[in-house]
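What follows is one structure encoded as structure tokens, with my remarks underneath.
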Amino acid sequence: MNALNIAEYTHTLGLQAKAASALMARAPAAVKNKALLALARLLRGSGESLAAANEQDLQRARAAGLAEPMVDRLKLTPRVIETCALGCEQLAAMQDIIGEVQGMTQQPSGIRVGRMRVPIGVFGMIYESRPNVTIEAASLSIKSGNAAILRGGSEAIDSNRALAALVTQALQEAGLPEHAVQLVQTTDRAAVGQLIAMPDYVDVIIPRGGKGLIERISAEAKVPVIKHLDGNCHTYVDDPCDVAMAVKVADNAKTSKYSPCNATESLLVARGVAQEFLPQIGAIYAAKGVQMRACAESLAILRAVPGADLAEANEQDWGEEYLAPIISVKVVAGLDEAIRHINRWGSHHTDAILTRDHMHAQRFLRDVDSASCMVNASTRFADGYEYGLGAEIGISTDKFHARGPVGIEGLTSLKWVVLGEGDVRQ
Ligand SMILES: NC(=O)C1=CN([C@@H]2O[C@H](COP(=O)(O)OP(=O)(O)OC[C@H]3O[C@@H](n4cnc5c(N)ncnc54)[C@H](OP(=O)(O)O)[C@@H]3O)[C@@H](O)[C@H]2O)C=CC1
Ligand SMILES: N[C@@H](CCC(=O)OP(=O)(O)O)C(=O)O
């Protein structure tokens with residue numbers, strides 16, 4: 001496609017999405033649920049064709065030398081497909097919040113005023129090369145009565161095309177507009193430029209990715225944006241804490257998966273527990289091949305750990321999101337320094353305190369300026385499915401409307417409704 005064709009193509013996607021969004025907004029709950037259940041069935045019945053499409057993506061990715069954690073997130077395994085199908089069924093079983101009216105109160109003038117939950121309209125989403133996101137975004141879009149234009153990562157294009165075809169089929173089976181969910185079929189980034197500059201058709205843009213993507217969106221977007229950014233997540237091991245529990249959680253937060261944005265990238269340790277905690281977690285990270293980029297004080301303790309892969313941390317490490325078997329480690333004086341460090345260097349995504357002190361936990365929850373603040377739990381829990389949302393659009397690092405894992409509610413807004421009986425303003 002040349003530039004002119006891409007402009008025409010995205011314009012057509014926008015026009016079609018706008019038309020579909022009006023129909024989706026008034027689609028009955030039962031019809032939307034029918035589409036979701038059809039999608040679950042189609043996913044389960046398409047294992048072979050999905051695997052074949054995914055294999056094409058995987059072969060290209062490996063040939064291009066994509067890092068293993070990134071290849072891992074590209075995989076559309078039977079387990080991933082089953083999880084997507086279950087997610088669709090869970091969404092179908094959830095209450096439909098569209099059209100719900102809340103807080104209706106009578107005003108002194110006589111009118112009654114309340115707020116009705118409505119879909120946003122059309123959202124455009126740009127996301128990483130993780131094919132399951134295509135289904136999560138499509139299913140949430142259907143349930144919330146929106147229309148979506150999805151632009152997944154280029155490495156996943158074959159998988160996404162195969163999945164999008166199933167979504168179209170499910171929409172058609174349920175009698176919903178087939179353009180309610182559209183995949184951008186080209187990997188040319190010029191289409192992203194068009195998509196973020198069509199305010200007549202697109203109500204909100206949801207970028208889910210790293211700094212390069214966000215820089216472009218911030219510079220060029222002509223529509224409102226809900227940013228889903230990088231996760232420089234921290235786990236702070238407090239004094240006092242249950243050291244055995246802290247070791248277990250800090251291990252899971254870093255090593256259960258290296259690629260996701262909710263993996264811990266930085267470990268802060270209170271000086272009072274460092275001598276006991278660091279050798280234990282150090283031994284686990286050493287055994288799993290995790291490099292520790294440590295401050296001088298933690299380095300002195302970790303040097304005693306056999307086989308530890310150690311490096312001296314520099315300032316850049318405190319702000320780094322590695323998405324790899326690397327973690328930065330810093331000894332801090334205590335809670336105040338930990339909070340200051342997280343607010344200075346973190347990305348306001350997800351941060352956890354491991355503590356036995358109730359007051360410390362309360363202060364951490366209040367003072368850390370992040371979308372998810374956790375006490376005695378792994379940062380890996382920052383996820384829509386784990387939070388009970390059924391699926392997730394992503395993890396918003398913006399502060400308003402939708403913050404943290406975004407589900408159905410995040411794709412809606414509340415409009416005021418006013419009921420009168422011929423009332424006039426005095
Ligand atoms: N907060 C959240 O919910 C999540 C955040 N992330 C973050 O995403 C990052 C890792 O994923 P990664 O794939 O590297 O992210 P990227 O930002 O490289 O890619 C994400 C998507 O954005 C596109 N993109 C990137 N740069 C541009 C650009 N300049 N113009 C147009 N399109 C662009 C990519 O397209 P193309 O395929 O062409 O490169 C891809 O579709 C990490 O920082 C991670 O934390 C990941 C998942 C969830
Ligand atoms: N919600 C996800 C985390 C976000 C995510 O998808 O991250 P990534 O591996 O960067 O694509 C999960 O923990 O399952």
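None of the values given here were measured: they were computed from a predicted structure.
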>> Distance check, rounded to the nearest 0.5 Å: Ser21 atom OG versus Phe123 atom CZ?
In response: 11.5 Å
>> Within the structure provided, determine whether Leu278 and Val331 are in side-chain contact (heavy-atom separation under 4.5 Å).
In response: yes
> When you look at Val249 and Asn376, which way does the side chain to side chain contact (heavy atoms under 4.5 Å, CB included) test go after all the steps?
Replying inline: CA-CA 8 Å; Val249 175; Asn376 295 335; over 6 Å; no
> Which value, rounded to the nearest 0.5 Å, describes the distance between Leu140 atom CG and Ile408 atom CD1?
Replying inline: 6.0 Å
> Does any N or O in the side chain of Glu136 come within less than 3.5 Å of the main-chain N or O of Glu392, such that one atom is a donor and the other an acceptor?
Replying inline: yes
> Which atom names give the shortest non-hydrogen contact between Asp251 and Lys288, and what distance separates them?
Replying inline: OD1-NZ, 3.0 Å
>> Tell me the closest heavy-atom pair linking Val181 and Leu171, and the distance in Å.
In response: N-CD1, 3.9 Å
> With a 4.5 Å heavy-atom cut-off, do Val118 and Ser413 have their side chains touching?
Replying inline: yes
> Counting distance only, does the side-chain N/O of Tyr9 pair as donor-acceptor with the main-chain N or O of Ala191 below 3.5 Å?
Replying inline: no
> How far does OH of Tyr285 sit from CG of Leu310, to the nearest 0.5 angstrom?
Replying inline: 13.0 Å
>> If we ignore hydrogens and angles and just use 3.5 Å, is the side chain of Asp317 paired with the main-chain N or O of Asn314 as donor and acceptor?
In response: yes
>> Which heavy atom of Lys143 sits nearest to which heavy atom of Ala92, and what is that distance?
In response: NZ-O, 3.5 Å
> Atom CG of Leu302 and atom CG of Asp309: how far apart are they, to the nearest 0.5 Å?
Replying inline: 11.0 Å
> Between Leu229, Ile226, Thr350, which is the residue that forms a side chain to side chain contact (heavy atoms under 4.5 Å, CB included) with Thr397?
Replying inline: Leu229
> Are Tyr387 and Ser372 linked by a side-chain donor-acceptor pair shorter than 3.5 Å?
Replying inline: yes
>> Given 3.5 Å as the limit, does a donor-acceptor pair link the side chain of Asn33 with the main chain of Ala93, or not?
In response: no
> Taking the side chain from Arg151 and the backbone from Gly124, do they hold a donor-acceptor pair closer than 3.5 Å?
Replying inline: no
>> To the closest 0.5 Å, what do you measure between CD (Glu265) and NE2 (His234)?
In response: 9.5 Å
> Side chains of Ser259 and Arg130: does their closest heavy-atom pair fall under 4.5 Å?
Replying inline: yes
> Which atom names give the shortest non-hydrogen contact between Ala25 and Ile98, and what distance separates them?
Replying inline: O-CG2, 4.2 Å
> Would you say Glu320 and Ile326 make side-chain contact, with heavy atoms under 4.5 Å?
Replying inline: no
>> I'd like to know whether Glu155 forms a salt bridge (charged side-chain N to carboxylate O under 4.0 Å, His left out) with Arg60, so could you lay out the CA-CA distance, the side-chain angles of the two residues, the decisive distance to 0.1 Å, and finally the verdict.
In response: CA-CA 8 Å; Glu155 293 106 343; Arg60 267 199 321 273; over 6 Å; no
>> Are the side chains of His349 and Glu321 in contact, using a 4.5 Å heavy-atom criterion?
In response: no
> Do you know the tightest heavy-atom contact between Gln102 and Arg117?
Replying inline: NE2-NH2, 3.9 Å
>> Using modelled atom types and a 3.5 Å cut-off, is there a donor and acceptor pairing between side-chain atoms of Lys415 and backbone atoms of Met116?
In response: no
> Can any side-chain N or O of Asn54 pair as donor or acceptor with the backbone N or O of Leu74 at less than 3.5 Å?
Replying inline: yes
>> Assess whether a salt bridge exists between Arg208 and Glu128, defined as any Lys/Arg side-chain N lying under 4.0 Å from an Asp/Glu carboxylate O.
In response: yes
> Side-chain contact, heavy-atom cut-off 4.5 Å: Pro69 with Leu323?
Replying inline: no
> If you draw a 6.0 Å radius around NZ in Lys222, do more than 12 non-hydrogen atoms from other residues or ligands fall strictly inside?
Replying inline: no
> For the side chain of Asp398 and the backbone of Phe400, is there at least one donor-acceptor N/O pair under 3.5 Å apart?
Replying inline: no
> Does Lys399 come within less than 4.0 Å of Asp369, counting only side-chain N to carboxylate O?
Replying inline: yes
> Looking only at heavy atoms, what is the nearest atom pair of Ala147 and Ala17, with distance?
Replying inline: CB-O, 3.4 Å
>> Tell me whether Glu297 at atom CD has more than 12 heavy atoms from other residues, nucleotides or ligands lying less than 6.0 Å away.
In response: yes
> Is there a side chain to side chain contact (heavy atoms under 4.5 Å, CB included) between Ser46 and Leu166 once you walk through the steps?
Replying inline: CA-CA 9 Å; Ser46 310; Leu166 299 182; 3.6 Å; yes
>> Taking the basic N atoms (NZ, or NE/NH1/NH2) and the acidic carboxylate oxygens, is any pair closer than 4.0 Å for Glu337 and Arg271?
In response: no
> Looking at Thr10, Ile205, Val184, Leu183, which hits side chain to side chain contact (heavy atoms under 4.5 Å, CB included) with Ile149?
Replying inline: Val184
> Which distance, rounded to the nearest 0.5 Å, do you find between the CG of Asp230 and the NE2 of His348?
Replying inline: 10.0 Å
>> Could you tell me if the side chain of Val237 sits less than 4.5 Å from the side chain of Ile281, heavy atoms only?
In response: no
> When you check the side-chain N and O atoms of Thr355 and Tyr236, is any donor under 3.5 Å from an acceptor?
Replying inline: no
> Do Asn232 and Trp318 pass the side chain to side chain contact (heavy atoms under 4.5 Å, CB included) test, and can you show the C-alpha distance, the side-chain angles, and the key distance before you say yes or no?
Replying inline: CA-CA 9 Å; Asn232 179 15; Trp318 306 137; over 6 Å; no
>> Quick one, Asn262 with Phe381, criterion side chain to side chain contact (heavy atoms under 4.5 Å, CB included). Give me CA distance, side-chain angles, the key distance, then yes/no.
In response: CA-CA 8 Å; Asn262 53 23; Phe381 277 115; over 6 Å; no
> Does any N or O in the side chain of Thr235 come within less than 3.5 Å of the main-chain N or O of Thr264, such that one atom is a donor and the other an acceptor?
Replying inline: no
> Does the Ser141 side chain pair with the main chain of Ala137, one donor and one acceptor, at a distance under 3.5 Å?
Replying inline: no
>> Is a donor from one side chain sitting under 3.5 angstrom from an acceptor on the other, for Ser144 and Asn146?
In response: yes
> Can you find a pair of side-chain heavy atoms, one from Ser328 and one from Tyr322, that are under 4.5 Å apart?
Replying inline: yes
> Are more than 12 heavy atoms from other residues, nucleotides or ligands located less than 6.0 Å from atom NZ of Lys18?
Replying inline: yes
